[in-house]
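In the text below, chain A, chain B and the rest are named by the order of the sequence lines, each starting its count at 1.
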Amino acid sequence: MTGYVWLIPVFPLIGFLINGLFGKRLSRKTIGVIASGAILFSFLLACVIFFQMNSSVELSEKGIRNVLFPWIHIGDFSVNFGYLFDRLSGSMTLMVAGVSFLIHVYSIGYMAEEEGYWRYFAYLNLFVFMMLTLVLADNLLLMFVGWEGVGLCSYLLIGFYYTTEVASDAGKKAFIVNRVGDFGFMLGMFFLFTLFGSLEFQHIREAVISAGLKPEHGMGLITLATVLLFLGATGKSAQIPLYVWLPDAMAGPTPVSALIHAATMVTSGVYMIVKLNYVFQLAPITMLTIAWIGGLTALFAATIGTVQNDIKKVLAYSTVSQLGYMFLALGVGAFIAGFFHILTHAFFKALLFLGSGSVIHAMHHAFHHAGIHDKDPQDIRNMGGLKKYMPKTYWTFLVATLAIAGFPPFAGFFSKDEILWKTFASSHRVLWAIGAFAAILTSFYMFRLVYLTFFGEFRGSKREEEALHESPSVMTFPLIALAVLSVIGGWIGFPHIFKLPNVLEQYLEPVIENTGGIHFLHNSALEWGLMDVSILCAIAGWLFARTLYAGKSDVPGKLAKTFSYFYSILLNKYYVDEIYFALIIRPVKKIGDFCWLFIDTIIIDGTVNLVAYLARCFGRIYSLYQNGAVKVYALTMLGGILVLFWIFF
Amino acid sequence: MFESSFLSLVTFFPLLAVFILLFFSSRAEKGIKVFGIIFSIIHFLISLKLLFDFDYSVYKLQFVEKSKWIASHFLNSQYFIGIDGISLFIILLTTFLMPIIFLSTYSGITKKVKSFYINMFLLEVGILGSLVALDLFLFYVFWEIMLIPMYFIIGVWGGERRIYAAIKFFIYTMAGSLLMLLGIMYMYRVAGTFDVFKLYGYHFSLKEQIYLFSVFAIAFAIKVPVFPFHTWLPDAHTEAPTAGSVILAGVLLKLGTYGFLRFAMPLFPDAMVKFAPYVIILAIVGIIYGALVAMVQKDIKKLVAYSSVSHLGYVMLGLFALTIYGMQGGMLQMINHGISTGALFLLVGIVYERKHTRLISEYGGIAKVMPLYATFFMIVTLSSIGLPLTNGFVGEFSILLGTFKSSWQHAWIYTAFAATGVILGAVYMLWMYQRVFFNTEPSEENKNLEDLKIREIAYLVPLVIMIFWIGIYPSFFFRRMEKSVDYYLRIFKSKQTVMLIDAGKGGIR
């Protein structure tokens, strides 16, 4: 099957074409089956190829490469349509295809009553095609195809409810902010091509190794290239300063938020850097930048998450924050830890979003039943006590919360602890402290969400309460599957001090090329100690949330009043959107108006019309002579003759 | 039977249509329209032979015809025509767009149908002639022939301010080309020939070159249009009927960039190299400026017109980067722009026919009533903003890569500025798209807008196919341009090296 790597992304493409072209005429059931089936095929094929690769030493070292046809060939620049299935891209493919399949199945239930059902599944399939192209591309440019392609699908799906301005604004914002990042990505590619003469990953890797490049060589070009690529990553993976689109992206259907804006697409910036780890390590300045941006984003987004009242907004800021952890890991050189967090985060965050979708679904029905149209089904202030009505949703949501908060032995504990330890062990003490503090906040905002949503009394009317019910099994099955993964998913990366095999690290070891000479402290006692600190952080956050939100308490309200200044800053997300609007969007529009109304209309066109006007004036003046009086003509003629005489004689 | 004069056949074939049309009664509108469609399809099919028989293994002029034309002792001009990889695709683009345009005018043009078709066919002869002529005098004749039918198309079948737009277009372009005529005459007096390829070998002094390059460059810069010679374009585009806008954007503008590549640059390479940094800066200004102005337009058609200024800036940038990537990208971008912007004008024409307004604010939520239309519009929008796997990306990427790799100083800074166009492009196109198709439920009066008819789908589909073909398999096009670009690049490159060495010496001193 090694010649069929390309089929992995092509299955969803076929699904997209069928549903996109004929979806209007197909029944809902057929559409759902085609879309989910396409992803299932991809997943199964990926599994087969994955095992085949691992059973052969040669293949697992070099990866399986399928080159389909030449894409852009100009002079010495040549890029193919080629896919590369290796340890890293293979692992990522399994995650992407697996999670995508679960979310497709969930969508069948979630979207059952929506208009544009076929459009939804067509876009979703197209997304998976693009995402798998991004993951499996054997060169940076094809990765960029997937990179922009997933951006397009994100745009289309965020704006799925396109007749509302909120949704279409959010889609546009996502696209444009990502374009700013892509601008960096593109320039970064140009630098890399100039440096290494190719954009193929294998080629770049060999060039770096054979030239024996080291960070000491101090190449400004590599720093520039990597910073620009990182700019691309901050766009796609929602980091400071380009994270602003992700919270707005929640305007899309909830399964989309789970798939695109939590599990897969937003991690592609992290994935890209892991893939190019041997290049990034050559630029210590870039690495430091990545670590700090990641750390600060983790903290910054977590603080905002603590006060939001929209269930999806909390999760969105949580995603931004968790992505920050991943970049923190990359920045300190712990690439495998960063990748590990991609995987575990995909499980528990997808689960959280799907769980919130299940809640929103129920609330929506409740409001509908009670004939209420002006209440927001996503506002946690309208919920409460849902545990009773939605036990499966509750339990799975709780598992995911424990995972993200970092309670052992849930998945998030292992990956987050690994990141924090590696940060400390690479002697970034301040960043470790930031990360640990953000971990307290993480645990706090997640349990706040759990308490407000599932505990206490339902805060709506009786009539609403009557209609509350658990979601259908097509939706709860994916929840349970993801819950299992959120528990055991972390066991592939046990820390060394556990004296258990760290499967993931052993497996991905060959992917990482230590060109940067990065080394970590080894001190088991210290590692145990810090692990205890992480667990304490998780517990602290939980206890804090429990005190404030578990019972009926007016403390939160009082706190908000006492610190109303900080509270409103947090509630308004530090006014970053407003700042961007005032500093960038409005000025650019003003410049556009100035260019058009002043430069174009008055200066340039004014000059053009002035020339025309002058010509007409001259014409008028001369036409005065053409007045029909023969005397004047005769006189003019005489004058002319005299002038000629004067010239020639 | 036509083997030896096949290119002439392709060039003058539309004259046959003009001749036949003379026998149509002006009232037989339907007949004229159907005839136009069928005839242009036949013409396109015939012209495909140029593609099939084109030999791209080496650089050589093909389908060459050379015979005496005007032979007097003070003016000796030859009928010298032929094509190479530079002109091949623009010619095919022209014959490809004609049936599409005629399909679209089937409902768009309602008055003086017969003379409209005659003008369109005459215009096509002018365009094709300019593209195949390799004798400067012959080129100039075709170049001017183009103006007249275009003038009528805007002036007779245009919108409200059509007279103003038509005269502005005519005089603006004419002023540029008259200067060029002086240049051509001067060259003939000095070098004694109009033959372009002989003139490539003739060495004009640097001073002569500077003057000559200037007059040629102004003529072509107006046509492209390069900032700040662009203000005729928004007026002409907006006032012209859909068919006129499509042919104007699709092909006529390309004659400016084609003129740079075929004439201004290789004829006066020393001067060109001296001027190139300034042209590059103007091109980049055009990219950003065009995008900014497009962003604040209230009229969809004007927005598309200003986006042309931005896109053509890319083409100029690619050509003057003087690298293989840039030039190939620039040439491909000419075709891309013809397809994407042509398609945009057609799409704008479709709603204009239904609602008789082009104001963005009159629309909103249209995706709900015209889903098919919205889909086509989205695909073309994506192509226009250069999304990978569409044609626009391949062109823009190659141009930017070419600029980045060029040996001009600070090339990467040029590239960075030019690349902001990629962001701005997304801003103005998506913002417009949002306001037209999304945002609200469609208003009461827009609820009845009719989605695409079969005929409209029929002429949009070929354009969409081209968008993806070039986007996914551009090698087909690059291969056929490669040798020609190499040939021209060699002329430029030697001069650029000399200049850069000189500049280097200056730096040391």
**Student:** Name the member of B/Ala294, B/Ala367, B/Gly365 that forms the most heavy-atom pairs with chain A at distances under 4.5 Å.
**Tutor:**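 Counting heavy-atom pairs under 4.5 Å, the top option is B/Ala367.
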
**Student:** Heavy-atom cut-off 4.5 Å, strictly under: side chain, backbone, both or neither for B/Trp232 against chain A?
**Tutor:**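 Answer is neither: B/Trp232 stays 4.5 Å or more from chain A.
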
**Student:** Check step by step if side-chain contact (heavy atoms from CB on, under 4.5 Å) holds for B/Lys405 and A/Phe193.
**Tutor:** CA-CA 10 Å; B/Lys405 295 278 281 175; A/Phe193 174 64; 3.7 Å; yes

**Student:** Where does B/Ile167 contact chain A at under 4.5 Å (heavy atoms): side chain, backbone, both or neither?
**Tutor:** neither

**Student:** Of all of B/Phe478, B/Tyr473, B/Tyr289, which one pairs up most often with chain A through heavy atoms under 4.5 Å apart?
**Tutor:** B/Tyr289

**Student:** Could you look at B/Phe397 and say if it's the side chain, the backbone, both or neither that has a heavy atom under 4.5 Å from chain A?
**Tutor:** both

**Student:** Which region of B/Thr375, side chain (C-beta onward) or backbone (N, CA, C, O), has a non-hydrogen atom less than 4.5 Å from a non-hydrogen atom of chain A, or is it both or neither?
**Tutor:**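 Neither part; nothing is under 4.5 Å.
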
**Student:** Dump the intermediate steps for ring pair (Phe, Tyr, Trp, His ring centres under 6.0 Å) on B/Phe393 and A/Phe144, then the final yes or no.
**Tutor:** CA-CA 11 Å; B/Phe393 176 73; A/Phe144 188 67; 5.8 Å; yes

**Student:** Working to the nearest 0.5 angstrom, can you tell me the gap between B/Tyr306 OH and A/Cys595 SG?
**Tutor:** 10.0 Å

**Student:** Under a 4.5 Å heavy-atom cut-off, does chain A meet the side chain of B/Met481, its backbone, both or neither?
**Tutor:**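 Interface part for B/Met481: neither.
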
**Student:** For the interface with chain B, which of A/Lys589, A/His73, A/Glu115 has the highest count of heavy-atom pairs at distances below 4.5 Å?
**Tutor:** A/Lys589

**Student:** Using 30° and 60° as the class boundaries, would you call the ring planes of B/Phe404 and A/Phe191 parallel, tilted or perpendicular?
**Tutor:** perpendicular

**Student:** Return yes when atom CZ of A/Phe69 has more than 12 non-hydrogen atoms of other residues, nucleotides or ligands closer than 6.0 Å, and no otherwise.
**Tutor:**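 For A/Phe69, atom CZ is crowded (more than 12 foreign heavy atoms under 6.0 Å).
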
**Student:** What residue, out of A/Thr607, A/Leu597, A/Ile604, A/Asp600, has the most heavy-atom pairs lying under 4.5 Å from chain B?
**Tutor:**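 The answer is A/Asp600.
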
**Student:** Does any backbone or side-chain atom of B/Lys368 lie under 4.5 Å from a heavy atom of chain A? Answer side chain, backbone, both or neither.
**Tutor:**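 Backbone plus side chain of B/Lys368, per the 4.5 Å heavy-atom cut-off to chain A.
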
**Student:** Specify which of B/Thr323, B/Val394, B/Asp486, B/Thr440 makes the most heavy-atom pairs with chain A at under 4.5 Å.
**Tutor:**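 Of the options given, most contacts go to B/Thr440.
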
**Student:** At a 4.5 Å cut-off on heavy atoms, which part of B/Phe476 comes close to chain A: side chain, backbone, both, or neither?
**Tutor:**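 Looking at B/Phe476, nothing touches chain A.
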
**Student:** Which atoms of B/Glu441 come close to chain A, meaning under 4.5 Å heavy atom to heavy atom: side chain ones, backbone ones, both, or neither?
**Tutor:** both

**Student:** Between chain B and each of A/Asp169, A/Leu228, A/Leu156, count heavy-atom pairs under 4.5 Å; write down the option with the most.
**Tutor:** A/Asp169

**Student:** What distance separates A/Ile72 CD1 from B/Ile472 CD1, expressed to the nearest 0.5 Å?
**Tutor:** 12.0 Å

**Student:** For chain B, which candidate among A/Val588, A/Ile603, A/Val166 shows the most heavy-atom pairs at distances under 4.5 Å?
**Tutor:**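 If we count pairs closer than 4.5 Å to chain B, A/Val588 comes out on top.
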
**Student:** So, taking the atom named NZ in A/Lys172 and the one named CE in B/Met429, what distance separates them when rounded to the nearest 0.5 Å?
**Tutor:** 13.5 Å

**Student:** Does any heavy atom of chain B fall under 4.5 Å from the side chain of A/Phe183, the backbone, both, or neither of them?
**Tutor:**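 Interface part for A/Phe183: side chain.
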
**Student:** Grab the two heavy atoms, one from B/Pro371 and one from A/Lys24, that are nearest each other, plus how far apart they are.
**Tutor:** CG-NZ, 4.1 Å

**Student:** Between B/Ile324, B/Ile385, B/Leu389, B/Leu401, which shows the greatest number of heavy-atom pairs under 4.5 Å with chain A?
**Tutor:**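 Top count of heavy-atom pairs under 4.5 Å with chain A: B/Leu401.
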
**Student:** Does the pair B/Leu292 and A/Phe594 meet the rule for a side-chain contact (heavy atoms from CB on, under 4.5 Å), with working shown?
**Tutor:** CA-CA 9 Å; B/Leu292 285 171; A/Phe594 176 79; over 6 Å; no

**Student:** If you count heavy-atom pairs under 4.5 Å between each of B/Asp235, B/Thr415, B/Ile171, B/Val293 and chain A, which one has the most?
**Tutor:**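 The answer is B/Val293.
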
**Student:** Look at the side chain of B/Ser475 and the backbone N and O of A/Trp71, then say whether any donor-acceptor pair between them is shorter than 3.5 Å.
**Tutor:**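 Checked: pair present.
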
**Student:** Taking every non-hydrogen pair under 4.5 Å, which of A/Asp76, A/Val145, A/Asp605, A/Ile176 racks up the most with chain B?
**Tutor:**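 The answer is A/Asp605.
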
**Student:** Would one find more than 12 heavy atoms of other residues, nucleotides or ligands at under 6.0 Å from atom CZ of B/Phe417?
**Tutor:** no

**Student:** Got a second to check how far B/Leu387's CG is from A/Phe175's CZ, nearest 0.5 Å?
**Tutor:**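 That separation rounds to 5.5 Å.
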
**Student:** Counting heavy-atom pairs under 4.5 Å to chain A, which of B/Lys168, B/Gln297, B/Gln328, B/Met295 comes out on top?
**Tutor:**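 Sorted descending by pairs with chain A, the first entry is B/Gln297.
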
**Student:** Out of A/Glu148, A/Met186, A/Met189, return the one with the most heavy atom pairs under 4.5 angstrom to chain B.
**Tutor:** A/Glu148

**Student:** Yes or no on side-chain contact (heavy atoms from CB on, under 4.5 Å) for A/Asp182 and B/Val422, after CA distance, side-chain angles and deciding distance?
**Tutor:** CA-CA 9 Å; A/Asp182 295 352; B/Val422 174; over 6 Å; no

**Student:** Distance-only, no hydrogens or angles: does the B/Tyr325 side chain make a donor-acceptor pair with backbone N or O of A/Ile74 under 3.5 Å?
**Tutor:**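 Checking the backbone N and O of A/Ile74 against the side chain of B/Tyr325, no donor-acceptor pair under 3.5 Å is found.
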
